[in-house]
Undergrad: 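Have a look at the structure that comes next, please.
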Amino acid sequence: MEIAHFLFGIFGNASALFLFLSPVITFKRIICNKSTEKFSGIPYVMTLLNCLLSAWYGLPFVSPNNILVSTVNGAGAVIEIIYVFIFIILAPKKEKAKIIGLFAFVLTVFAAVVFISLFALHGNSRKLFCGFAASIFSIIMYGSPLSIMRLVIKTKSTEFMPFFLSLFVFLCGTSWFIFGLLGRDPFVAVPNGVGSALGTMQLILYFIYHDKKGATKNQTQTEEESMEMGQQQGKQSNNTNGTTQG
């Protein structure tokens with residue numbers, strides 16, 4: 001059981017790292033276009049908070065036998081900070097203000113959790129407090145793409161829901177869910193079980209709508225071509241009538 005627990009922790013580290021790195025393609029597009037377009041910055045800010053709280057929860061003096069949780073989330077926090085700063089620099093004014101406000105909220109919440117757990121709580125009470133905090137914001141992180149999922153359903157296009165991000169949400173959530181079950185740690189199992197379910201929903205939406213955009217474009221082009229052909233035929237008919245009358 002301990003070997004399986006460790007192996008799923010390693011797999012969880014790998015899948016989580018890929019999850020953190022999967023938006024690189026998206027941010028390459030954002031940097032090249034110098035615009036965040038319709039991409040949402042909320043998932044990256046909430047992922048940062050989740051990484052900070054999870055890394056804190058996994059430390060030995062807070063929660064024993066969870067050091068693998070700390071290592072990958074510490075790396076994830078660094079990566080997510082980079083994403084958030086890129087968003088703050090290139091987002092429109094309204095979106096920029098929202099991301100800055102959320103970023104300040106993230107730092108405030110994390111500082112409060114660290115301060116309370118260090119100076120007001122000890123032993124099991126510290127673990128429970130940090131575990132609840134990490135779980136709540138982990139669920140919020142996994143739920144943050146719900147706005148994008150709604151956009152996908154509304155527009156019938158997956159342009160702003162990258163496939164690899166959805167895939168690694170599913171893989172990361174599933175692997176850490178099993179890790180939490182094997183370690184009998186509900187603070188790891190429950191939020192990642194939610195993540196696994198939401199990742200599954202994103203993949204289902206992707207496979208339903210990923211071809212719709214191309215179909216819509218082709219339909220639009222066909223309609224435009226038909227209109228142009230109709231206009232040309234109308235002109236030819238007018239010209240023929242004019243020649244006959246002459």
Side-chain angles (χ1 to χ4, degrees), residues 5-6 8-21 23 41-85 87-88 99-145 168-169 171-196 198:
H5 183 251
F6 177 76
F8 272 101
I10 295 297
F11 185 73
N13 268 252
S15 59
L17 189 59
F18 279 115
L19 172 63
F20 298 142
L21 293 174
I42 296 175
Y44 306 105
V45 184
M46 300 315 299
T47 301
L48 171 61
L49 179 55
N50 172 68
C51 287
L52 291 172
L53 292 175
S54 296
W56 182 257
Y57 173 73
L59 293 174
F61 62 87
V62 176
S63 170
N65 303 319
N66 277 327
I67 192 63
L68 290 174
V69 175
S70 286
T71 54
V72 71
N73 281 287
V78 175
I79 295 170
E80 297 302 325
I81 286 175
I82 295 172
Y83 294 155
V84 170
F85 278 133
F87 239 90
I88 289 174
I99 297 303
I100 291 174
L102 281 174
F103 183 60
F105 169 76
V106 163
L107 296 180
T108 302
V109 170
F110 179 62
V113 169
V114 170
F115 183 83
I116 293 171
S117 63
L118 280 180
F119 299 106
L121 301 171
H122 304 280
N124 194 54
S125 59
R126 175 185 290 168
K127 178 181 178 180
L128 289 173
F129 173 72
C130 294
F132 272 115
S135 296
I136 290 169
F137 288 103
S138 183
I139 292 173
I140 293 174
M141 177 201 75
Y142 280 124
S144 59
F168 288 115
V169 164
L171 292 177
C172 181
T174 302
S175 56
W176 285 114
F177 170 65
I178 297 173
F179 178 86
L181 288 179
L182 293 174
R184 299 179 181 178
D185 191 334
F187 297 124
V188 176
V190 172
N192 284 289
V194 174
S196 178
L198 289 174

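One-based numbering along the sequence shown. Note that this is a predicted model, so its numbers are computed, not measured.
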Undergrad: Working to the nearest 0.5 angstrom, can you tell me the gap between Leu182 CG and Phe177 CZ?
TA: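 If I round to the nearest 0.5 Å, the distance is 10.0 Å.
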Undergrad: What's the separation between atom CG in Leu48 and atom CZ in Phe110, rounded to the nearest 0.5 Å?
TA: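 Rounded to the nearest 0.5 Å, the CG-CZ separation comes to 9.5 Å.
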Undergrad: Heavy-atom distance under 4.5 Å between the side chains of Phe187 and Leu128, does that happen here?
TA: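 A side-chain contact under 4.5 Å exists here.
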Undergrad: I need the minimum non-hydrogen distance between Pro191 and Pro186, along with the two atoms involved.
TA: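 Looks like CD-O, 3.7 Å.
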Undergrad: According to side-chain hydrogen bond (donor to acceptor under 3.5 Å, both in side chains), does anything in residues 112-121 pair up with another residue at least two apart or in another chain? List the pairs.
TA: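 Checked against side-chain hydrogen bond (donor to acceptor under 3.5 Å, both in side chains) - neighbours excluded - the pairs reaching residues 112-121 are Trp56-Ser117.
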Undergrad: Please name the pair of heavy atoms, one in Met46 and one in Ile140, separated by the smallest distance, quoted to 0.1 Å.
TA: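 Nearest pair, atom of Met46 first, then Ile140: CE-CG2, 3.4 Å.
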Undergrad: Locate the shortest heavy-atom distance separating Trp176 from Val72; write the atom from each residue and the value.
TA: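 Heavy-atom minimum between the residues: CZ2-CG1, 3.8 Å.
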Undergrad: Show the nearest heavy-atom pair for residues Ser70 and Gly58, with the distance to one decimal.
TA: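 Minimum heavy-atom separation between Ser70 and Gly58: OG-C, 2.8 Å.
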Undergrad: Taking the inter-plane angle between the rings of Phe119 and Phe115 on a 0 to 90° scale, is it parallel (under 30°), tilted (30 to 60°) or perpendicular (over 60°)?
TA: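 Tilted.
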Undergrad: What distance separates Glu80 CD from Cys51 SG, expressed to the nearest 0.5 Å?
TA: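 Separation between the atoms: 5.5 Å.
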Undergrad: Between CD1 of Ile82 and OH of Tyr44, what distance do you get to the nearest 0.5 Å?
TA: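 Between Ile82 CD1 and Tyr44 OH, I get 13.5 Å after rounding to 0.5 Å.
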Undergrad: If you look at every heavy atom in Ile67 and Pro60, which pair is closest and at what distance?
TA: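 In terms of heavy atoms, the two residues are closest at CD1-CD, 4.1 Å.
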Undergrad: Checking Phe137 against Val106 for the side chain to side chain contact (heavy atoms under 4.5 Å, CB included) test, could you report, in this order, the C-alpha distance in whole Å, the side-chain angles of both residues, the deciding distance, and whether it holds?
TA: CA-CA 10 Å; Phe137 288 103; Val106 163; over 6 Å; no
Undergrad: Is Phe61 close to Leu118 at the side-chain level, that is, under 4.5 Å between some pair of heavy atoms?
TA: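 Answer yes - side chains close enough.
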Undergrad: Is there side-chain contact between Phe129 and Val113, with heavy atoms separated by less than 4.5 Å?
TA: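 A side-chain contact exists here, since the closest heavy-atom pair is under 4.5 Å.
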Undergrad: If you round to the nearest 0.5 Å, how far is CD1 of Ile10 from OG1 of Thr71?
TA: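 Atom-to-atom, Thr71:OG1 and Ile10:CD1 are 7.5 Å apart.
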Undergrad: Evaluate the side-chain proximity of Asn13 to Leu17: yes if any heavy-atom separation is below 4.5 Å, no if none is.
TA: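 The answer is no, as the side chains (C-beta and beyond) never meet within the 4.5 Å cut-off.
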Undergrad: With a 4.5 Å heavy-atom cut-off, do Leu19 and Leu171 have their side chains touching?
TA: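 Counting from C-beta outward, Leu19 and Leu171 never come under 4.5 Å.
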Undergrad: What residues form a side chain to side chain donor-acceptor pair (under 3.5 Å) with Asp185, not counting sequence neighbours?
TA: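 Tyr57, Asn66.
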Undergrad: What are the two closest non-hydrogen atoms of Ile42 and Ile99, and how far apart are they?
TA: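 Of all heavy-atom pairs spanning Ile42 and Ile99, the closest is N-CD1, 4.0 Å.
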Undergrad: Rounded to the nearest 0.5 Å, what separates atom OG in Ser138 from atom CG in Leu53?
TA: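 Ser138 OG to Leu53 CG: 9.5 Å, rounded to 0.5 Å.
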Undergrad: Can you check side chain to side chain contact (heavy atoms under 4.5 Å, CB included) on Asn73 and Asn50, steps first, answer last?
TA: CA-CA 8 Å; Asn73 281 287; Asn50 172 68; 4.1 Å; yes
Undergrad: Show your working on ring-ring contact (aromatic ring centres under 6.0 Å, His included) between Phe168 and Phe20 and close with a plain yes or no.
TA: CA-CA 9 Å; Phe168 288 115; Phe20 298 142; over 10 Å; no
